[in-house]
Amino acid sequence: MRQLALIALLPLLLVACADEQEAKTPQPDVNAGKALAKAHCAGCHGLDGRGTAPGIPHLAAQVDAYLYQSLVAYREGKRTHAALRDMTKELSTKEIHDVVAFYSSLPPLEAQMDKKAITLSPYERGKAASKACARCHGGDGNATEPGMPSLAGQQPLYFVSALQAYLHGTRNIETMETELRGMNRVEMENLALYYASQTPVRRGKPTVGDPEAGEPLTARCGGCHGAHGVSHDVTTPTLAGQDAQYLVSAIKAYRDQTRVHDIMLDDNTDQEIADIAAFYATQESKAAHVGPITVQELSAKCDRCHAPGIENPAMAIPKIHGQDRDYLIRALRAYHDGKRGSSLMHNMSLPYSEAIIESVASLYANQDAK
Ligand code: HEC
Ligand code: HEC
Ligand code: HEC
Ligand code: HEC
């Protein structure tokens, strides 16, 4: 009985071995791969390996080990895409090797975007956009008119949430609402990153209150706003160096609930508020974030792995020069949000805002594939 079972199993075992061998030493057939591509892939990836619509990656000249790894990741559900999962399930390992050999053997594509186009960093875009704000907030975000808030050095996520509050009317200030009409998230982040990098100017004597009387009253503020009002949390505003009259009106706005925030309740008297404001206004502040100024600086750390010609035997690194811009944005967002499983790329993209992702993607998309 046992022998019989073994004999019956033998052919299966042999087939399994052959399959395994095939996986180890594939003999890719570029022509068979081309036929497969024509039948199953060309509608989206072209026969020249160019994605046929924005958001579809180019495959021409891509690193073969990376292409193979991606297709297996779709098949195993580690990378999620419904169409590719179903398709790759129907392909044998040999067929995957063939189609990979075909696409990786194609010559690199010419960049379709304007090669002379200069990709600006969020900082540079923010700087250009800040011209519209300078008349009130000062050229570099250091406001001088009493009652007008400085923006220099402010925490970037707080900055964006403040803009959104004006835009959506939860901070009911008509001037700011008019200034911001039509602005999108990326444009807000550009401005936030520019202002966060500016150096706040130290203020002289405050226009209201007594700093020395104010200091002891700030004991319960420092846990969130930082020692002496220099915040280290991207969502909490820096108060140091802020205009004193603006601080007074902001604190009163929370107290009177014209500006609503669940953690910013205040029970101080008007005099105490003026003293607190005087204390913070006279503290020395600093830039919240000194980021790279140009997009070339931003991408320097990416080029450590992605620069043409760099090979790393420990990992299959995809080529990203000349890749489709929309696809690059999607891929970087997916890593950022943890939806695409590469802990390395997740960590790389974690500090990246939407504005940075868009400018880095544009930079790579605009370059010739190598
Ligand atoms: C219906 C359109 C469509 C078809 C058909 C299609 N793909 Fe794709 N392919 C896509 C899209 C969209 C993506 C990006 C998915 C994502 O974000 O993960 C993709 C991603 C890929 C990737 C990952 C590339 C990278 O840079 O990470 C590979 C490899 C790939 N496809 C190969 C193939 C092959 C081989 C075939 C044919 C057997 C095929 N695709 C058929 C649309 C298609
Ligand atoms: C006409 C004058 C004016 C212009 C122009 C202007 N602002 Fe303002 N901005 C104000 C005033 C006044 C306030 C304070 C409103 C309040 O009390 O909430 C303010 C508040 C802000 C705040 C909140 C500061 C904080 O600490 O919470 C931000 C951020 C801001 N502005 C950004 C901008 C940006 C970015 C631009 C340019 C696109 C701009 N502003 C243009 C007058 C202006
Ligand atoms: C639990 C954390 C926390 C504590 C404690 C706290 N704050 Fe705040 N504060 C915040 C946050 C978060 C914001 C931003 C709220 C918003 O978006 O309107 C804020 C906003 C402010 C603003 C507006 C700044 C601007 O640029 O418009 C002022 C002024 C302020 N706080 C003063 C104080 C003072 C004074 C105290 C102590 C009496 C204090 N805060 C205690 C978290 C805190
Ligand atoms: C230490 C090496 C390393 C560094 C540094 C690095 N990457 Fe990557 N990158 C990889 C590897 C490995 C993969 C493939 C991961 C996978 O399989 O999903 C990858 C994948 C990608 C992809 C997906 C490409 C595709 O075809 O789907 C993009 C886009 C990308 N990286 C952009 C960047 C950017 C932008 C930076 C700089 C912020 C960066 N990388 C830094 C190694 C690196």
Side-chain angles (χ1 to χ4, degrees), residues 33 36-37 39-45 51-53 55-59 62-63 66-71 73-74 78-81 83-84 87-88 90-91 95-96 99-100 102-103 126 129-137 141 143 145 147-151 154 158-163 165-166 171-173 175-176 178-180 183 187-188 191-192 194-195 237-239 242-243 246-247 249-250 253 259 298-306 310 312 314-320 323-324 327-332 334-335 340-342 344-345 348-349 351-352 356-357 360-361 363-364:
L36 260 167
H40 297 291
C41 324
C44 292
H45 294 288
T52 53
I56 302 178
H58 306 322
L59 303 181
Q62 184 55 283
V63 173
Y66 172 73
L67 288 177
Y68 179 78
Q69 174 187 302
S70 303
L71 290 169
Y74 288 123
K78 287 186 187 139
R79 256 181 95 170
T80 41
H81 192 278
L84 280 158
M87 198 163 5
T88 44
E90 279 167 25
L91 297 178
E95 285 172 321
I96 290 183
V99 78
V100 160
F102 167 65
Y103 275 118
S130 75
K131 301 265 185 295
C133 327
R135 142 172 86 94
C136 297
H137 292 288
E145 190 193 317
M148 187 62 70
S150 277
L151 307 176
Q154 192 51 281
Y158 167 72
F159 186 101
V160 170
S161 74
L163 295 190
Y166 292 122
R171 266 205 218 181
N172 197 358
I173 308 282
T175 330
M176 280 303 302
T178 320
E179 290 303 323
L180 301 174
M183 196 181 276
E187 290 164 332
M188 291 182 185
L191 283 158
Y194 167 71
Y195 281 119
T238 279
L239 306 178
Q242 187 52 284
D243 174 75
Y246 171 73
L247 287 175
S249 75
R259 187 168 157 183
L298 268 176
S299 63
K301 72 170 176 181
C302 316
D303 282 340
R304 287 207 314 263
C305 288
H306 289 289
I310 290 191
N312 186 332
M315 54 179 125
I317 302 175
K319 294 183 185 174
I320 58 174
Q323 185 52 284
D324 176 74
Y327 173 72
L328 288 176
I329 291 175
R330 244 182 25 168
L332 289 169
Y335 289 128
R340 187 169 159 187
S342 163
L344 187 151
M345 281 304 303
M348 273 290 151
S349 55
Y352 278 32
I356 295 180
I357 286 179
V360 171
L363 177 78
Y364 283 110

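In each ligand, atom 1 is the first atom listed, and ligand 1 is the first ligand listed. On a predicted model such as this, the values are computed, not experimentally measured, just so you know.
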Please confirm whether Ala316 approaches ligand 4 to less than 4.0 Å, judged on its heavy atoms. yes
Check if Ala132 has a non-hydrogen atom at a distance under 4.0 Å from any atom of ligand 2. yes
Identity and distance of the protein heavy atom lying nearest atom 27 (O) of ligand 2: Tyr158 OH, 2.5 Å
Short N/O distance, under 3.5 Å, between Thr80 and ligand 1? no
Is there a nitrogen or oxygen of Tyr327 sitting under 3.5 Å from a nitrogen or oxygen of ligand 4? yes
Here atom 8 (Fe) of ligand 2 sees protein N, O or S atoms within less than 2.8 Å, and their number is 2
If you compare His58, Met87, Arg340 by their heavy atoms, the one closest to atom 41 (C) of ligand 1 turns out to be Met87
Excluding water, the protein N, O or S atoms sitting under 2.8 Å from atom 8 (Fe) of ligand 4 are His306 NE2, Met345 SD
Proximal candidate to atom 3 (C) of ligand 1 [heavy atom criterion; set Cys44, Ala331, Gly55, Ala53]: Cys44
Would you tell me which option among Val63, Leu67, Ile56, Val99 has the nearest heavy-atom contact to atom 29 (C) of ligand 1? Leu67
Heteroatom test (N, O or S) for His81 near atom 8 (Fe) of ligand 1, limit 2.8 Å: no
Mark the output for Lys319 as yes if a heavy-atom distance to ligand 4 is under 4.0 Å, and as no if none is. no
Among protein heavy atoms, which lies nearest atom 25 (C) of ligand 2, and at what distance? Tyr246 OH, 3.3 Å
For atom 23 (C) of ligand 1, which candidate among Tyr66, Phe102, Tyr74 holds the nearest heavy atom? Tyr74
